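To start, the structure under review is shown below, and the notes come after it.
Each chain gets a letter, A, B and so on, in the order the sequences are listed, and its residues count up from 1. Note that the structure is predicted; figures quoted are calculated from it, not measured.
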2 protein chains.
Amino acid sequence: MDEKAEIFKALSDPTRLRLMNIFLATGDDLCVCEMTDALQLPQYQISRHLATLRHAKLLKTQKQGTWTYYSLDQSQTGNDSLFQFLQSYLQGGHFDEDRERLTQRLILRDAGKCVVGIVPAAELKQMIVEKLRQDA
Amino acid sequence: MDEKAEIFKALSDPTRLRLMNIFLATGDDLCVCEMTDALQLPQYQISRHLATLRHAKLLKTQKQGTWTYYSLDQSQTGNDSLFQFLQSYLQGGHFDEDRERLTQRLILRDAGKCVVGIVPAAELKQMIVEKLRQDA
DNA sequence: ATTATATATGCGTGATTGCGCATGTAAGCA
DNA sequence: TGCTTACATGCGCAATCACGCATATATAAT
């Protein structure tokens, strides 16, 4: 009971809901810099909120060199039904814009992995153009 | 988005989860004294938490004389799916005990309505016996 | 009118929360 | 070894929260 309350407390912040929405949208692993770019918030803020979600056992982490990948923690009992509910429940607001920015940002990945840190919003489009040219 | 966060914040407290569980269990209207007896907490605490849930538009109220009946607010968009999720999500812990105490307490109703205020736990069983004798 | 009852709320307190700023840690690279 | 990069965290502050205690409000009953 207290445990459930802790989970809802973790979901009781707009930034953390935006983070959860992003994970539910991709179903993929994401590193901190990608989420920082998607939500357009200071890195330390993203880090803190991710830690909160991890302590609530909604997310899990996996380190790969300097990069830390976060993803939905499917191992916890009840999380599956929670995630399924959230996926349909989180709509409207700025959720869609976050998803769009994330989609853009993920183009910069190489072989499915993040290869750059935080990208200033002003430089993203140019970098995407270069990336697409390289791939061709 | 902020609105959704507010809803989860309303759900981020053990006592409020117990209250929601009780409403989901009965689907019925309940007055403050009945919930006070079911959760075995001070009246002012129940009142405060109910106000929080009402402000989050999870519950609505309806006055009948001195009694105030609370019930699930089905009119808000998204609440239906939320309630459906919660009903299966809230299990175990002390949720079941609350439901049992509520079932007992509801026996004291007359024609489906509450007719007594807060009943000290020590007196409940005796009152139920009398009530059942009257009904027969 | 007065009293009793059902519910709500003002107030003070200790605890928690989110933010901003700065810095710490750890891994990769020159 | 030293520098850069990705991420985490200590600290102080202002805001919010839940509780306990007492009291206010409102309706009903005598």
Side-chain angles (χ1 to χ4, degrees), chain A residues 1-2 5-6 8-19 29-56 59-71 105 108-110 113-120 123, chain B residues 1-2 5-6 8-19 29-56 59-71 105 108-110 113-120 123:
Chain A
M1 178 166 57
D2 272 24
E6 284 303 317
F8 287 119
K9 185 175 296 183
L11 296 173
S12 73
D13 176 272
T15 302
R16 289 196 289 270
L17 279 187
R18 291 171 67 190
L19 287 171
D29 295 14
L30 297 170
C31 68
V32 180
C33 54
E34 291 169 333
M35 293 181 272
T36 303
D37 285 346
L39 268 61
Q40 297 280 83
L41 289 173
Q43 175 267 324
Y44 64 80
Q45 221 175 100
I46 301 292
S47 237
R48 278 252 162 69
H49 285 299
L50 285 173
T52 300
L53 290 170
R54 187 163 54 82
H55 288 136
L59 300 180
K60 58 181 168 62
T61 56
Q62 165 206 2
K63 289 206 67 170
Q64 283 189 22
T66 320
W67 277 268
T68 302
Y69 287 88
Y70 284 77
S71 58
R105 170 60 221 249
L108 296 184
R109 281 196 176 191
D110 219 69
K113 294 192 179 177
C114 181
V115 290
V116 293
I118 296 176
V119 174
E123 302 176 15
Chain B
M1 179 167 55
D2 271 26
E6 284 303 317
F8 286 118
K9 184 174 295 184
L11 296 173
S12 73
D13 176 273
T15 302
R16 289 195 291 270
L17 278 188
R18 292 171 67 189
L19 286 171
D29 295 15
L30 297 171
C31 67
V32 180
C33 54
E34 290 169 333
M35 292 181 273
T36 302
D37 284 346
L39 268 61
Q40 296 281 81
L41 288 174
Q43 175 266 326
Y44 65 80
Q45 221 176 99
I46 301 293
S47 236
R48 277 252 162 68
H49 285 299
L50 285 173
T52 300
L53 290 170
R54 187 164 54 84
H55 289 137
L59 300 181
K60 58 181 167 60
T61 57
Q62 167 206 2
K63 289 205 66 170
Q64 283 189 22
T66 319
W67 278 266
T68 302
Y69 287 88
Y70 284 76
S71 58
R105 171 60 221 248
L108 296 184
R109 281 196 175 190
D110 219 70
K113 295 192 177 177
C114 181
V115 291
V116 293
I118 296 177
V119 174
E123 303 176 15

With the criterion being N/O to N/O and under 3.5 Å, what pairs connect the protein with nucleotides 1-6 of chain C, and how long is each?
from, atom 1, to, atom 2, distance (Å)
C:dA6, OP1, B:Gly117, N, 2.7

Distances for protein N or O near nucleotides 17-25 of chain C N or O, under 3.5 Å:
from, atom 1, to, atom 2, distance (Å)
C:dG18, OP1, A:Arg16, NH1, 3.2
C:dG18, OP1, A:Arg16, NH2, 2.6
C:dC19, OP2, A:His49, NE2, 2.6
C:dG20, OP2, A:Tyr44, OH, 3.2
C:dG20, OP2, A:Gln45, NE2, 2.6
C:dG20, O5', A:Tyr44, OH, 3.3
C:dG20, O6, A:Arg48, NH1, 3.3

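As a whole-Å value, the separation of B:His55 NE2 from D:dT16 P is 15 Å. One atom, NZ of A:Lys63, and another, P of D:dT5, lie 17 Å apart when rounded to the nearest Å. As a whole-Å value, the separation of B:Leu53 CG from C:dT7 C1' is 16 Å. In this structure, A:Met35 atom CE and D:dC7 atom P are separated by 8 Å, rounded to whole Å. Remark: C1' of D:dA6 and CG of A:Asp37 are 12 Å apart, rounded to the nearest angstrom. Whole-Å rounding puts the B:Tyr69 OH to C:dA8 P distance at 13 Å. In this structure, A:Glu34 places its CD atom 12 Å from C1' of D:dA6, rounding to the nearest Å. Rounding to whole angstrom units, NZ of residue A:Lys113 and C1' of D:dT5 are separated by 18 Å.
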For residues 59-68 of chain A, please give each side-chain donor-acceptor pair under 3.5 Å, one per line with the distance, not counting sequence neighbours.
from, atom 1, to, atom 2, distance (Å)
A:Lys60, NZ, A:Ser71, OG, 3.0
A:Gln64, OE1, A:Lys113, NZ, 3.3

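Sorted by first then second residue, the salt bridge (Lys or Arg N to Asp or Glu O under 4.0 Å) pairs that include residues 43-53 of chain A, not counting sequence neighbours, number zero.
With hydrogens and angles ignored, the 3.5 Å screen pairs a side-chain donor or acceptor of B:Glu34 with a backbone N or O of B:Cys31.
Among the heavy atoms of the strands lying under 4.0 Å from A:Tyr70 are primed sugar atoms or P, OP1, OP2 only; no base atom is included.
A:Arg54 is linked by a salt bridge (charged side-chain N to carboxylate O under 4.0 Å, His left out) to nothing, counting only residues two or more places apart in sequence or in another chain. Applying the salt bridge (charged side-chain N to carboxylate O under 4.0 Å, His left out) rule to A:Arg105 yields the partners A:Asp37; only residues at least two apart in sequence or on another chain are considered.
When all heavy atoms of A:Asp2 and B:Pro14 are compared, the pair lying nearest together is OD1-CG, 3.2 Å. The two atoms that bring A:Arg109 and A:Asp29 nearest to each other are NH2-O, 2.7 Å, heavy atoms only. The two residues B:Leu50 and B:Met35 come nearest to each other via the heavy atoms CD1-CE, 3.4 Å. Between A:Arg18 and A:Leu39, the closest heavy-atom pair is NH2-O, 3.0 Å.
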